[in-house]
Student: 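Below are the structure tokens for one structure; questions will follow.
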Amino acid sequence: MLRRLMLAAAVLATAAATAIPAVPAEAAAFKVLVFSKTAGFRHDSIPAGVQAIRDLGAAGDFEVNATEDAGAFTSSNLAQYRAVVFLSTTGDVLDAAQQAAFQSYVDGGGGYVGVHAAADTEYDWPYYGQLTGAWFDSHPSIQQANVKTEDTAHPATSGLPATWTRTDEWYNYRTNPRPNVHVLQSLDESSYSGGTMGDHPITWCHPQASGRAFYTGLGHTAESYTEPNFRSLLLGGIRYAAGAVQADCAPPSGGPGGGTIEAESYTSQSGVQPASHGTASGGTTVGFIDNGDWVGYASVGTAGATGFTARVSSAGAGGTIQVRSGSPTGTLLGSVTVPVTGSWDTFTTVSTTLTGSASGPLYLVFTGGSGSLFDVDTFSLTTSATTTVEGEAYTSQSGVQPADHAGASGGRTVGYINNGDWAAYSGVSTSGLKSFGARVSSAGSGGTIQVRSGSATGTLLGSVNVPVTGSWDTFRTVSGTLTGSASGPLYLVFTGSGGNYLFDLDSFTVTR
């Protein structure tokens with residue numbers, strides 16, 4: 001079980017002193033630091049992981065240094081490395097000065113690679129939660145599961161099976177990182193027991209200021225580090241984070257403000273080919289479409305999608321575009337009919353509303369009669385501007401605890417709230433927020449929820465009053481407008497003057 005404090009001082013000292021032979025500097029194209037300090041549960045696979053990365057460096061022309069000394073996190077020392085690998089770190093492993101040095105390093109152009117329990121690290125440092133993408137929540141027993149490769153172009157996942165069946169310890173995360181990262185792999189929760197997320201990313205990447213971040217939840221077992229496919233995943237992730245190879249790691253463009261997407265920018269497909277047309281946007285369409293063909297867009301999420309619009313042409317039979325989430329046979333959100341336009345260079349716009357709840361990557365499935373049916377030039381998604389978050393899904397906090405309540409959404413609230421306590425949500429940006437609403441209860445004295453950006457003392461965007469509802473299981477919704485300009489992660493600060501346990505927070509919504 002994670003969070004068991006298992007390490008004696010002697011064990012820490014021995015691990016920190018372990019020397020890892022490095023590739024000679026004159027032979028290396030760049031240097032990588034592997035950091036595996038633990039302040040909680042310690043994975044016995046760490047030595048195998050360090051050795052595997054050393055092997056990858058020897059074969060891939062980069063030098064590997066390994067340490068468990070957090071004193072390595074100074075600006076001058078980090079400057080020599082192109083990437084830092086957090087290898088199954090746990091707990092609070094960096095002090096404030098070391099955190100500041102590492103943040104400056106990554107934001108200034110360095111690379112971060114998180115492996116497995118790296119997501120079980122630095123819970124009280126919001127920047128780290130943003131960098132990793134999500135924090136650990138729970139895991140079932142070690143078992144076999146199917147890993148789905150969503151992006152076949154990234155150097156970490158290129159060449160991996162579309163469905164990769166393997167054994168590991170499969171993490172559930174406190175929040176779904178998909179809206180803020182580029183998902184490379186996800187878990188098929190129907191293939192194992194104990195998944196709690198539905199849409200379940202497990203490997204992802206994203207830009208971080210001028211730097212790069214890569215994380216994989218794989219790698220609990222020592223055996224993982226002898227698997228050729230897993231070693232290939234690690235190598236590609238390290239090379240991306242180090243800037244040695246380029247890759248598209250942009251977060252989903254299908255969210256609010258995502259804009260128009262070139263249809264030929266698909267990341268996976270079956271049957272189709274790009275087709276050149278002088279009147280098409282960018283000069284190219286998705287063409288040669290037959291019945292049953294499809295295209296997938298790993299970087300376009302369907303969370304909150306309410307509408308779909310496409311620019312199309314057809315000198316064929318026309319047909320239908322199905323909008324699906326997660327896979328070509330995934331949740332059907334809607335469909336739109338493509339008419340015959342008379343020429344492959346004569347375009348028209350078609351649109352439809354989307355219904356249902358899904359958050360997987362976008363897939364377009366094409367149906368119709370025989371022959372080439374139609375071409376797709378561009379498309380766009382309309383998305384809801386409202387996001388609902390479970391209060392207890394905070395990524396860091398001060399003073400509060402989850403509280404069980406049968407009448408709460410998900411059966412739990414943020415409870416035990418006292419004056420000055422706070423909860424932070426690193427996956428919820430405050431950029432463009434216009435309003436805030438919360439479902440609350442109070443058998444205490446009530447109080448106020450302050451909505452702040454970036455920290456518990458950051459920009460105050462607004463506040464809502466929480467009334468006494470008479471019972472911890474009697475919920476009411478309160479709401480208010482937000483003003484000001486800010487872009488940091490969301491912080492909720494709780495105030496009141498009635499002593500202990502002011503109110504509970506069940507869930508909240510933010511609207512852009």
Student: Sub-3.5 Å donor-acceptor pair from the side chain of Tyr394 to the main-chain atoms of Val414, do we have one?
Tutor: no
Student: Flag the pair Tyr491 / Ser453 as yes when at least one side-chain heavy-atom distance between them is below 4.5 Å, and no otherwise.
Tutor: no
Student: Looking at every heavy atom in both Phe30 and Ala244, which two are closest together, and how far apart are they?
Tutor: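 Closest approach of Phe30 to Ala244, heavy atoms only: CE2-CB, 3.8 Å.
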Student: Can you tell me how far apart CD1 (Ile46) and CD (Gln51) are? Round to the nearest 0.5 Å.
Tutor: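 Those atoms lie 14.5 Å apart.
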Student: From Glu68 CD over to Lys37 NZ, what is the distance, rounded to the nearest 0.5 angstrom?
Tutor: 9.5 Å
Student: Which distance, rounded to the nearest 0.5 Å, do you find between the CD of Gln185 and the CG of Leu160?
Tutor: 6.0 Å
Student: Between Leu492 and Leu505, is any pair of side-chain heavy atoms under 4.5 Å apart?
Tutor: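 Yes. Closest side-chain heavy atoms under 4.5 Å.
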Student: Keeping the roles fixed (side chain from Glu189, backbone from Met197), state whether a donor-acceptor pair exists under 3.5 Å.
Tutor: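 Yes; judged by distance alone, with no hydrogens or angles, the pair exists.
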Student: Considering the options Tyr128, Tyr127, Phe86, Phe35, which one meets the ring pair (Phe, Tyr, Trp, His ring centres under 6.0 Å) requirement together with Phe102?
Tutor: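 Only one of Tyr128, Tyr127, Phe86, Phe35 forms a ring pair (Phe, Tyr, Trp, His ring centres under 6.0 Å) with Phe102, namely Phe86.
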Student: Calculate, to the nearest 0.5 Å, the distance between atoms CZ and OG belonging to Arg42 and Ser36 respectively.
Tutor: 5.5 Å
Student: Does Asp107 reach the main-chain N or O of Ser104 with its side chain, forming a donor-acceptor pair under 3.5 Å?
Tutor: no
Student: Let me confirm one number: the OG1-CH2 distance from Thr157 to Trp164, rounded to the nearest 0.5 Å.
Tutor: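 These two atoms lie 10.0 Å from each other.
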Student: Quick check: do Tyr225 and Leu234 have side-chain heavy atoms less than 4.5 Å from each other?
Tutor: yes
Student: Quick check: do Val34 and Val64 have side-chain heavy atoms less than 4.5 Å from each other?
Tutor: yes
Student: Any chance the side chains of Ser138 and Asn172 put a donor and an acceptor closer than 3.5 Å?
Tutor: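 Short answer, yes.
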Student: Can you check side chain to side chain donor-acceptor pair (under 3.5 Å) on Asp248 and His154, steps first, answer last?
Tutor: CA-CA 7 Å; Asp248 177 12; His154 193 282; over 6 Å; no
Student: Is it true that a side-chain atom of Asp506 and a backbone atom of Val440 form a donor plus acceptor pair closer than 3.5 Å?
Tutor: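 Between the backbone of Val440 and the side chain of Asp506 there is no qualifying donor-acceptor contact (under 3.5 Å).
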Student: With a 4.5 Å heavy-atom cut-off, do Asn419 and Phe494 have their side chains touching?
Tutor: no
Student: Let's go through Leu461 and Phe436 carefully: what are the C-alpha distance in whole Å and the side-chain angles of both, what is the deciding distance for side chain to side chain contact (heavy atoms under 4.5 Å, CB included) to 0.1 Å, and is it a yes or a no?
Tutor: CA-CA 10 Å; Leu461 303 177; Phe436 173 85; over 6 Å; no
Student: Is it the case that the side chains of Asn65 and Tyr81 hold a donor-acceptor pair, with the cut-off being a distance below 3.5 Å and no angle test?
Tutor: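 There is such a pair (donor and acceptor under 3.5 Å, judged by atom type) between the side chains of Tyr81 and Asn65.
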Student: Determine the sole option in Tyr123, Trp135, Trp125, Tyr173 for which the side-chain contact (heavy atoms from CB on, under 4.5 Å) test with Thr395 is passed.
Tutor: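 Passing option: Trp135.
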Student: Are the aromatic ring centres of Phe214 and Tyr112 under 6.0 angstrom apart?
Tutor: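 No.
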Student: Where do Tyr215 and Cys205 land on the side chain to side chain contact (heavy atoms under 4.5 Å, CB included) test, with the steps shown first?
Tutor: CA-CA 6 Å; Tyr215 170 82; Cys205 59; over 6 Å; no
Student: Does the side chain to side chain donor-acceptor pair (under 3.5 Å) test come out yes or no for Ser186 and Glu150, once each step is laid out?
Tutor: CA-CA 7 Å; Ser186 57; Glu150 296 191 12; 2.8 Å; yes
Student: Keeping Arg166 on the side-chain end and Leu218 on the backbone end, is there a donor-acceptor pair under 3.5 Å?
Tutor: no
Student: Glu122 and side-chain contact (heavy atoms from CB on, under 4.5 Å): which single residue from Thr132, Thr90, Thr89, Val93 fits?
Tutor: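 Only match with Glu122 under side-chain contact (heavy atoms from CB on, under 4.5 Å): Val93.
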Student: Can you confirm whether Leu460 sits close enough to Val451 that some side-chain heavy atom of one is under 4.5 Å from a side-chain heavy atom of the other?
Tutor: no
Student: Can you name the nearest heavy-atom pair linking Tyr171 to Ile202, along with the distance?
Tutor: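 Tyr171 and Ile202 have their closest heavy atoms at O-CD1, 4.3 Å.
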Student: Between Ile449 and Val493, is a side chain to side chain contact (heavy atoms under 4.5 Å, CB included) present by the stated rule, with each step listed?
Tutor: CA-CA 6 Å; Ile449 302 174; Val493 179; over 6 Å; no
Student: With side chains defined as the heavy atoms from C-beta onward, is the minimum distance between Asp199 and Asn176 less than 4.5 Å?
Tutor: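 They are in contact (side-chain heavy atoms under 4.5 Å apart), so the answer is yes.
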Student: Search all heavy atoms of Val181 against all heavy atoms of Gly133 and return the closest pair with its distance.
Tutor: CG1-CA, 4.4 Å
Student: Test your reading of the model: is there a side-chain donor-acceptor pair from Trp170 to the backbone of Gln143, 3.5 Å cut-off?
Tutor: yes
Student: Starting at NE2 of His116, measure out to OG1 of Thr216 and round the result to the nearest 0.5 Å.
Tutor: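 It comes to 9.5 Å.
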Student: Can you name the closest pair of heavy atoms from Ala52 and Arg231 and give their distance?
Tutor: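 Scanning both residues, the minimum pair turns out to be CB-NH1, 3.7 Å.
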Student: Can a salt bridge be assigned to the pair Asp404 and Arg412 using a cut-off of 4.0 Å between side-chain N and carboxylate O?
Tutor: yes
Student: Ignoring hydrogens and geometry, is there a side-chain-to-backbone donor-acceptor pair from Ser45 to Ala48 under 3.5 Å?
Tutor: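 No, Ser45 side chain to Ala48 backbone: no donor-acceptor pair under 3.5 Å.
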Student: Can you find a pair of side-chain heavy atoms, one from Asp151 and one from His182, that are under 4.5 Å apart?
Tutor: yes
Student: Provide the closest heavy-atom pair for Ala247 versus Pro155 in the form atom of the first, atom of the second, distance.
Tutor: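 That would be CB-CD, 3.6 Å.
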Student: Is a donor on one side and an acceptor on the other found under 3.5 Å between the side chain of Ser265 and the backbone of Ile261?
Tutor: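 Not confirmed, Ser265 side chain does not pair with Ile261 backbone.
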Student: Do you know which two heavy atoms are closest between Asp92 and Gln99, and how far apart they sit?
Tutor: OD1-NE2, 4.4 Å
Student: Answer with yes or no whether the side chains of Asn465 and Thr448 bring together a donor and an acceptor at under 3.5 Å.
Tutor: yes
Student: Mind running side chain to side chain contact (heavy atoms under 4.5 Å, CB included) on Ile238 and Ile53 for me, showing each step along the way?
Tutor: CA-CA 9 Å; Ile238 291 170; Ile53 297 171; 3.9 Å; yes
Student: Would you say His206's side chain and Leu131's backbone share a donor-acceptor pair under 3.5 angstrom?
Tutor: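 Checked: pair present.
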Student: Closer than 3.5 angstrom, by distance alone: can the side chain of Ser435 be matched with the main-chain N or O of Gly480 as a donor-acceptor pair?
Tutor: no
